[in-house]
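These values consider heavy atoms only, across backbone and side chains, with no hydrogens, waters or symmetry-generated copies.
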Amino acid sequence: MTPTPAQNPSLWMKLTRYSFLKRKRSTRNLERLCREFASERRTLVIHSEDVDYRPYFPNAFAVTKRPDKPADLHVDLYYTDLRSIASESYEVILCTGLMEHVPDPQRLVDELHRILKPGGELIVSASAAFSIHEGPNDFFHFTPFSFRLLFARWSRIRMLRGSSQPFETVGILLQRILLQCRVFPPARPLVELMCLAVPLLDKCVLSQYSSVGTSAAEFEIDSMLPSNIQAVVVK
């Protein structure tokens, strides 16, 4: 018999947050990004703590705002002071999970542009259709079009894509509900099964568009509901 709050309040409260799925589904897409663009070149890693980047970027110099995280450099909450990092000193920068948490993402993008060597690459990922997280410091969620504005002064965008297909995104968001909400315990396993099952429907999606009610080719898009936007941008 499932315990009630009156019978065992502490156990009940734990069960409202308990999940069988221990691994974040969104992390798989970050691992794919790191694996595809892995490099042994000296890499500046900015705030990329949701993924184990070390196997893919073994010569990394890590920067974080979190004092409890091991890193080569600890900075302020919004990464406003990167002056100690010399201009044109890195060929590769990896920056994931940060752009949405700074109040002026263009300033950060311009600073990363300063740090990169000419021809260097920025590997970046930021929230799109994703849950509010790390509040109150969650300011922006991005689209491919906002990325093009942010990187307008760069020489070219080598890769720009949504990190997930639409039903996969729904599965990711269902898991975020379990991670960020207290849910009636008997319902939690059902939601977890939905996390696994719903992404299978992506096999049925034939094409996607960036606008409602159109089938015009110029509106086709790789993912109309991605959890993150990912890009590789060349200075």
Side-chain angles (χ1 to χ4, degrees), residues 2 15-38 48-53 56 94-101 123-135 138-148 157-232:
T2 303
L15 289 174
T16 64
R17 299 297 296 268
Y18 183 81
S19 294
F20 292 98
L21 297 174
K22 302 302 181 185
R23 188 165 180 261
K24 293 179 182 177
R25 295 185 62 82
S26 55
T27 302
R28 297 189 308 170
N29 295 321
L30 288 177
E31 289 177 346
R32 174 171 61 110
L33 178 68
C34 290
R35 183 170 58 252
E36 288 181 6
F37 298 98
S48 299
E49 294 153 2
D50 288 335
V51 61
D52 185 5
Y53 59 83
Y56 309 105
L94 174 69
C95 178
T96 66
L98 175 60
M99 301 289 290
E100 62 266 32
H101 298 299
I123 304 164
V124 61
S125 179
S127 290
F130 200 68
S131 64
I132 295 173
H133 59 292
E134 291 191 28
D138 189 0
F139 302 106
F140 304 98
H141 287 200
F142 296 89
T143 70
F145 312 107
S146 56
F147 259 35
R148 291 190 184 280
I157 297 177
R158 176 182 167 192
M159 182 276 289
L160 178 61
R161 70 187 181 201
S163 67
S164 56
Q165 293 303 298
F167 286 107
E168 181 184 0
T169 301
V170 173
I172 290 170
L173 292 175
L174 286 170
Q175 186 183 44
R176 297 299 301 195
I177 292 172
L178 295 178
L179 290 172
Q180 295 183 229
C181 301
R182 294 195 181 278
V183 176
F184 184 58
R188 291 186 69 92
L190 175 61
V191 177
E192 289 194 281
L193 287 174
M194 292 170 63
C195 292
L196 299 173
V198 167
L200 299 176
L201 292 174
D202 281 320
K203 297 182 182 298
C204 302
V205 176
L206 303 180
S207 56
Q208 301 174 57
Y209 300 90
S210 63
S211 188
V212 174
T214 181
S215 297
E218 61 264 32
F219 291 103
E220 285 196 31
I221 194 168
D222 71 310
S223 178
M224 47 72 66
L225 190 70
S227 66
N228 273 234
I229 298 297
Q230 297 178 344
V232 178

*Would you call F37 and R158 a side-chain contact if the rule is heavy atoms closer than 4.5 Å?*
yes
_Suppose we screen for ring pair (Phe, Tyr, Trp, His ring centres under 6.0 Å). Which residues come up paired with F147, at least two apart in sequence or across chains?_
F142, F151
*Between the side chain of E31 and the main-chain N/O of V51, is any donor-acceptor distance below 3.5 Å?*
no
_Under 3.5 Å, is there a donor on one side chain and an acceptor on the other for Q165 and Q208?_
yes
_Tell me if a side-chain donor or acceptor on S163 pairs with a main-chain N or O of N228 at a distance below 3.5 Å._
yes
*Measure up the H133 and H141 rings against each other and bin them: parallel (under 30°), tilted (30 to 60°), perpendicular (over 60°).*
tilted
*Are D202 and P166 close enough that some pair of their side-chain heavy atoms sits under 4.5 Å apart?*
yes
*Show your reasoning for whether side-chain contact (heavy atoms from CB on, under 4.5 Å) applies to V232 and I157.*
CA-CA 6 Å; V232 178; I157 297 177; over 6 Å; no
*R17 and V183: CA distance, side-chain angles, deciding distance, side-chain contact (heavy atoms from CB on, under 4.5 Å) verdict*: CA-CA 7 Å; R17 299 297 296 268; V183 176; over 6 Å; no
*Candidate pair V124 and Q230, rule side-chain contact (heavy atoms from CB on, under 4.5 Å), full reasoning*: CA-CA 6 Å; V124 61; Q230 297 178 344; over 6 Å; no
_Ionic contact status for R161 with E36, cut-off 4.0 Å_ = yes
*Between atom CG of D138 and atom NE2 of H101, what is the distance when rounded to the nearest 0.5 Å?*
5.0 Å
*Would a 4.5 Å heavy-atom cut-off, applied to side chains only, mark M224 and S210 as touching?*
no
*Identify, with sequence neighbours excluded, every residue that meets side-chain contact (heavy atoms from CB on, under 4.5 Å) alongside S211.*
T214, F219
*Criterion side-chain hydrogen bond (donor to acceptor under 3.5 Å, both in side chains) on S164 and T169, from CA distance to verdict*: CA-CA 6 Å; S164 56; T169 301; 2.6 Å; yes
_Could you measure the distance from the CG atom of L179 to the CZ atom of R25? Nearest 0.5 Å is fine._
11.5 Å
*Got a sec, which residues hit side-chain contact (heavy atoms from CB on, under 4.5 Å) with S26, two or more places apart in sequence or on another chain?*
K24, F130, I172
*Nearest-0.5 Å distance that lies between atom CG in L21 and atom CZ in R188*: 10.0 Å
*Is any side-chain heavy atom of L200 closer than 4.5 Å to a side-chain heavy atom of F167?*
no
*Could you pull out the closest heavy-atom pair between S48 and Y53, with the gap in Å?*
O-CD2, 3.3 Å
_Sub-4.5 Å side-chain heavy-atom contact between C195 and V198_ = no
*Would you say the side-chain atoms of Q175 pair up with the backbone N or O of R23, donor to acceptor, closer than 3.5 Å?*
yes
*Hey, mind stepping through S125 and T96 against side-chain hydrogen bond (donor to acceptor under 3.5 Å, both in side chains) and telling me if it holds?*
CA-CA 5 Å; S125 179; T96 66; over 6 Å; no
_Distance alone, cut at 3.5 Å: any donor-acceptor contact between the side chains of Y18 and T16?_
no
*If you round to the nearest 0.5 Å, how far is CZ of R35 from CZ of R32?*
8.0 Å
*Shortest non-hydrogen contact from S227 to N29?*
OG-ND2, 4.5 Å
*Run the side-chain contact (heavy atoms from CB on, under 4.5 Å) check on M99 and I229 step by step: do they pass?*
CA-CA 11 Å; M99 301 289 290; I229 298 297; over 6 Å; no
*Taking all non-hydrogen atoms of both residues into account, name the closest pair between L225 and A129 and its distance.*
CD1-CB, 3.7 Å
*asked:* Between E168 (side chain only) and P226 (backbone N and O only), is there a donor and an acceptor less than 3.5 Å apart?
replied: no
_Do C95 and I123 have side chains that approach each other closer than 4.5 Å (heavy atoms only, starting at C-beta)?_
no
_Please report the interatomic distance CG(L94) to CG(L30), rounded to the nearest 0.5 Å._
8.5 Å
*What distance do I132 atom CD1 and Q180 atom CD have between them, rounded to the nearest 0.5 Å?*
8.5 Å
